[in-house]
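Since this is a predicted model, take the numbers as computed values, not measurements.
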Amino acid sequence: QVQFVESGGGLVQPGGSLRLSCAASGSIFRLYAMAWYRQAPGKQRELVARIASGGYTNYTDSVKGRFTISRDNIKNMVHLQMNSLKPEDTAVYYCNRDPYLNAWGQGTQVTVSS
């Protein structure tokens, strides 16, 4: 059974940085594209950043140049480095495969506020 455990969120001022981490179970983690998603209050969950099994990355326009996704196929980890954070980045962040599985973790709250 695949499981995802996110960590690293918190409260940060605008312009600050956070690094999110996700531990994924499953022996064939390296074969799948992974992604970070986020859901803000009253909004639908959206895909923020994606990394293919070979390392190619994609980002939604609103985070390009500010966020960086990476993966460690030995440790089954995915990370999201978030810089120059804005209040509109406030959301619960989740990791999952892309396309996603119906196996969401608890997420990690990111709050950007002064």
Next on the checklist: Set out, in order, the CA-CA distance, both residues' side-chain angles and the distance that settles side-chain contact (heavy atoms from CB on, under 4.5 Å) for V78 and F4, then state yes or no.
Outcome noted: CA-CA 10 Å; V78 184; F4 306 104; over 6 Å; no

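- Taking both residues in full, the closest heavy atoms of P14 and S113 are given as CD-C, 3.6 Å, listed atom of the first, atom of the second, then distance.
- For the atom pair S70 OG and Q81 CD, the distance stands at 8.5 Å (nearest 0.5 Å).
- For residues 64-94, the ring-ring contact (aromatic ring centres under 6.0 Å, His included) pairs, not counting sequence neighbours, are Y94-W104.
- Listed here is the closest heavy atom pair of D98 and A35: CB-CB, 4.1 Å.
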Item to check | Pair K64-D61, salt bridge (Lys or Arg N to Asp or Glu O under 4.0 Å): steps then yes or no | outcome: CA-CA 5 Å; K64 284 181 180 177; D61 286 347; 3.0 Å; yes

Next on the checklist: Working note: W36 + I51, criterion side-chain contact (heavy atoms from CB on, under 4.5 Å); need CA distance, chi angles, decisive distance, verdict.
Outcome noted: CA-CA 9 Å; W36 282 95; I51 185 164; over 6 Å; no

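- T90 contributes no side-chain N or O that, together with a main-chain N or O of A40, makes up a donor-acceptor pair within less than 3.5 Å.
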Checklist entry - Taking it one step at a time, do R66 and M82 satisfy side-chain contact (heavy atoms from CB on, under 4.5 Å)? => result CA-CA 6 Å; R66 301 189 297 122; M82 305 187 297; over 6 Å; no

Next on the checklist: Could you go through N76 and S25, starting from their C-alpha distance and side-chain angles, then the distance that decides it, and tell me whether this counts as side-chain contact (heavy atoms from CB on, under 4.5 Å)?
Outcome noted: CA-CA 7 Å; N76 283 15; S25 63; over 6 Å; no

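- For L31, the CG atom sits in a packed shell: over 12 heavy atoms of surrounding residues, nucleotides or ligands are nearer than 6.0 Å.
- The heavy-atom pair separating S84 from S17 by the smallest distance is N-OG, 4.4 Å.
- Tracing side-chain contacts under 4.5 Å through hydrophobic residues (I, L, V, M, F, W, Y), one reaches L101 starting from I69; they form part of the same cluster.
- When the side chains of ILVMFWY residues are joined at heavy-atom separations under 4.5 Å, either directly or via intervening members, M34 and V2 end up in a single hydrophobic cluster.
- Atom CD in E46 sits 5.5 Å away from atom OG in S62 (nearest 0.5 Å).
- Hydrophobic clustering of Ile, Leu, Val, Met, Phe, Trp and Tyr side chains at less than 4.5 Å, counting indirect connections, unites V110 with Y59.
- Residues G8 and L18 approach most closely at O-CD2, 3.8 Å, considering heavy atoms.
- Proximity of a side-chain donor or acceptor of R30 to a complementary backbone N or O of N73 within less than 3.5 Å is not detected.
- Judged by a 6.0 Å distance limit and a 45° cone about the ring axis, R71 is positioned over the six-membered ring of F29.
- Atoms CZ and CG, from R38 and L80 in turn, are 9.5 Å apart once rounded to the nearest 0.5 Å.
- Separating the CD atom in Q109 from the CD atom in Q39 is a distance of 11.0 Å, to the nearest 0.5 Å.
- Cluster annotation: Y37 is not connected to V63 through the hydrophobic network of ILVMFWY side chains, with a link wherever side-chain heavy atoms come within less than 4.5 Å.
- Evaluation of the salt bridge (charged side-chain N to carboxylate O under 4.0 Å, His left out) test over residues 4-15, restricted to residues two or more places apart or in two chains, returns none.
- Closest approach of R50 and A33 over heavy atoms only: NH2-CB, 3.4 Å.
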